[in-house]
Protein chains: 2
Amino acid sequence: MTDTPRPTKDRLIHSAATLFRTRGYHGVGLADVLADAQAPKGSLYHHFPNGKSDLAIAAATWASDEMLRLIAASFDGAKTFEAGATTLCYKLAKLFDKTGWDTCPIAATLFEGPDSTDMRAHASHIYEGWIAEVLDHAGRLGLSEDHAKAKAEHLFVLIQGGWMLARARRSSDVLRTLTSQL
Amino acid sequence: MTDTPRPTKDRLIHSAATLFRTRGYHGVGLADVLADAQAPKGSLYHHFPNGKSDLAIAAATWASDEMLRLIAASFDGAKTFEAGATTLCYKLAKLFDKTGWDTCPIAATLFEGPDSTDMRAHASHIYEGWIAEVLDHAGRLGLSEDHAKAKAEHLFVLIQGGWMLARARRSSDVLRTLTSQL
DNA sequence: TGCGGAATAGACCGATTGGTCTAGGGCGTG
DNA sequence: CACGCCCTAGACCAATCGGTCTATTCCGCA
């Protein structure tokens, strides 16, 4: 944290992801990101020629990868779909408590961003990736194709909605009871 | 739309609500609101002495009232809780198609706004108001208190999450299938 | 008809925005 | 040593930000 063995580009992505998640795309100035990452403006435009929008996409992709890892970690050892889903919800609740009451990082950085169709499309792509990952595990755990698809989408909806209510209440409790509604 | 018999204050609120909903609090400049409402800056600061933040709260409150009306309209003639919930989801799907793929107006204007605790608290208050309204109808329709509370929260979660998925997919279909998961 | 507050109108302000540009530092390779 | 390249560094820019301020118009009431 104090010292920075991490390369500048990674620091920029990490800072951007954190800041966008908490204050939204337009709520964060480049100056904020640069200060947090302790990098000069020149470096930013060297690594991200298109500036803020490039940075946002990189940050969202990074956040998405973290989520995919979380899904995999939850379902990998699970005996049933419900067990995996429950683990995921508990892991998310823990994450919620650790990071504070932020938005879904994808929504905050891509949906709130400039009108560019690319960003919206990228956000959609990321979300479908999450659902596909869950779908994969659902199939592996023996659910029929139709059933698996419905379950995967349902879990996504529950998590997104539950996260929002948790944020409003500043409490991760909702997330932990989510799985009972599957 | 073209002509404006509506008083300036209402026009400001309406424009602000629409713009905040589509681009988020920080994504909208006062100039945008003023242009859309065809009002000079002087009027804005006359009606909303605290400027943008006052405007945001008024816009969110207005949007919330619309939602409360929608809930009431859905449940008023309903014979069962499920019937009311289904009607609400269908009404929201229709609204989604009409307004385009915007965020939840409350989240866009209050959560993305400045750090001020007031705004977050107000958002939370509005959400709980929605849940309370549904809870009211649930009780009236014969559900036990515990059961009603769980159902009301569950419906909120489904709608919030479903709306987000609908937005990513640019399709209101998800919203219409939501009720089958109650 | 004239008074007085409500509302409109927009010029103006300093601060901050995202983005561009030039200069220089660090280092592996010839 | 010196060349060239990757990256750092930050001064600088026009545009826009939210907000303040004064002047003017509108309109109900006496």
Side-chain angles (χ1 to χ4, degrees), chain A residues 2-60 108-116 118-119, chain B residues 2-60 108-116 118-119:
Chain A
T2 54
D3 214 22
T4 54
R6 216 166 7 181
T8 306
K9 187 172 182 178
D10 290 0
R11 265 181 297 135
L12 284 169
I13 291 178
H14 185 258
S15 295
T18 305
L19 289 169
F20 284 154
R21 185 192 340 132
T22 56
R23 307 216 303 265
Y25 182 85
H26 290 291
V28 176
L30 289 188
D32 300 323
V33 179
L34 295 174
D36 191 79
Q38 298 208 60
K41 195 166 276 192
S43 300
L44 197 162
Y45 280 88
H46 172 76
H47 294 291
F48 306 96
N50 286 335
K52 199 180 185 183
S53 54
D54 267 11
L55 185 59
I57 288 181
T109 66
L110 297 184
F111 274 130
E112 304 294 339
D115 309 319
S116 92
D118 302 356
M119 288 216 178
Chain B
T2 53
D3 213 22
T4 54
R6 219 172 357 187
T8 306
K9 187 172 183 180
D10 289 0
R11 266 182 296 137
L12 284 169
I13 292 179
H14 185 257
S15 295
T18 305
L19 289 170
F20 284 155
R21 183 188 346 129
T22 57
R23 308 214 304 263
Y25 181 85
H26 289 291
V28 176
L30 290 187
D32 300 322
V33 180
L34 262 20
D36 190 79
Q38 297 206 62
K41 195 167 277 193
S43 299
L44 197 163
Y45 279 88
H46 172 76
H47 294 292
F48 304 97
N50 286 334
K52 199 180 185 183
S53 54
D54 267 12
L55 186 58
I57 289 182
T109 65
L110 298 184
F111 274 131
E112 305 293 340
D115 307 320
S116 91
D118 302 355
M119 289 215 176

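By convention in this document, chain letters (A, B, ...) are assigned in the order of the sequence lines, proteins followed by strands, and residues within each chain are numbered from 1.
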Engineer: What is the distance, to the nearest angstrom, from the NE2 atom on B:His46 to the C1' atom on D:dG19?
Structural biologist: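 About 17 Å, once rounded to whole Å.
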Engineer: Any idea which of D:dA9, C:dG19, C:dA9 is nearest the B:Pro40 side chain?
Structural biologist: C:dA9
Engineer: To the nearest angstrom, how far is B:Gln38 atom CD from C:dG10 atom P?
Structural biologist: 11 Å
Engineer: Give a yes/no answer on whether the side chain of A:Lys52 brings an N or O atom under 4.0 Å of OP1 or OP2 in C:dG18.
Structural biologist: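 It does, given that an N or O in the side chain of A:Lys52 lies less than 4.0 Å from OP1 or OP2 of C:dG18.
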Engineer: At 4.0 Å (heavy atoms only), tell me whether A:Val33 reaches a base, stays on the sugar-phosphate, or touches nothing.
Structural biologist: nothing
Engineer: Quick one: on DNA chain C, does A:Pro49 or A:Ala31 contact a more 5' nucleotide (nearest heavy atom)?
Structural biologist: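 The answer here is A:Ala31.
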Engineer: Go through the steps for A:Leu34 and A:Leu12 under the test side chain to side chain contact (heavy atoms under 4.5 Å, CB included), then give the verdict.
Structural biologist: CA-CA 7 Å; A:Leu34 295 174; A:Leu12 284 169; 4.1 Å; yes
Engineer: Please assess A:Lys9 against A:Phe48 for the test side chain to side chain contact (heavy atoms under 4.5 Å, CB included), listing each intermediate value before the final yes or no.
Structural biologist: CA-CA 9 Å; A:Lys9 187 172 182 178; A:Phe48 306 96; 4.0 Å; yes
Engineer: B:Leu30 CG to D:dG18 C1': how many Å, rounded?
Structural biologist: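 Interatomic distance, CG of B:Leu30 to C1' of D:dG18: 6 Å.
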Engineer: If you check every side-chain atom of A:His47, which of D:dC17, D:dT8, D:dA11 has the closest atom?
Structural biologist: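 Between D:dC17, D:dT8, D:dA11, the one nearest the side chain of A:His47 would be D:dT8.
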Engineer: Once you apply a heavy-atom cut-off of 4.0 Å, does B:Gly42 come out as touching a base, just sugar-phosphate, or nothing?
Structural biologist: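 Contact class for B:Gly42: base.
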Engineer: Please report the C-alpha distance between B:Asp32 and B:Arg23 in whole Å, then the side-chain angles of each, then the deciding distance to 0.1 Å, and finally whether the side chain to side chain contact (heavy atoms under 4.5 Å, CB included) criterion is met.
Structural biologist: CA-CA 11 Å; B:Asp32 300 322; B:Arg23 308 214 304 263; 2.9 Å; yes
Engineer: Given atom NE2 of B:His26 and atom C1' of C:dG18, what is their separation to the nearest angstrom?
Structural biologist: 16 Å
Engineer: Whole Å only: how far is the CZ atom of B:Arg11 from the P atom of C:dA7?
Structural biologist: 13 Å
Engineer: Counting only side-chain heavy atoms from C-beta out, which of D:dC17, C:dG19, C:dT8 sits nearest to A:Lys41?
Structural biologist: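 From the listed options, C:dG19 comes nearest.
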Engineer: Just the rounded figure in Å: distance from P of D:dC13 to OH of A:Tyr45.
Structural biologist: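 Going from A:Tyr45 (OH) to D:dC13 (P), I get 17 Å.
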Engineer: Measure CG/B:Leu44 against C1'/C:dA6 and give the value in whole Å, please.
Structural biologist: 16 Å
Engineer: Are any side-chain N or O atoms of B:Arg11 and backbone N or O atoms of B:Arg6, one a donor and one an acceptor, separated by less than 3.5 Å?
Structural biologist: yes
Engineer: Nearest whole Å is fine: how far is C:dT8 P from B:Leu34 CG?
Structural biologist: 11 Å
Engineer: Assess whether side chain to side chain contact (heavy atoms under 4.5 Å, CB included) is satisfied between B:Tyr25 and B:Lys52, documenting all intermediate values.
Structural biologist: CA-CA 9 Å; B:Tyr25 181 85; B:Lys52 199 180 185 183; 3.5 Å; yes
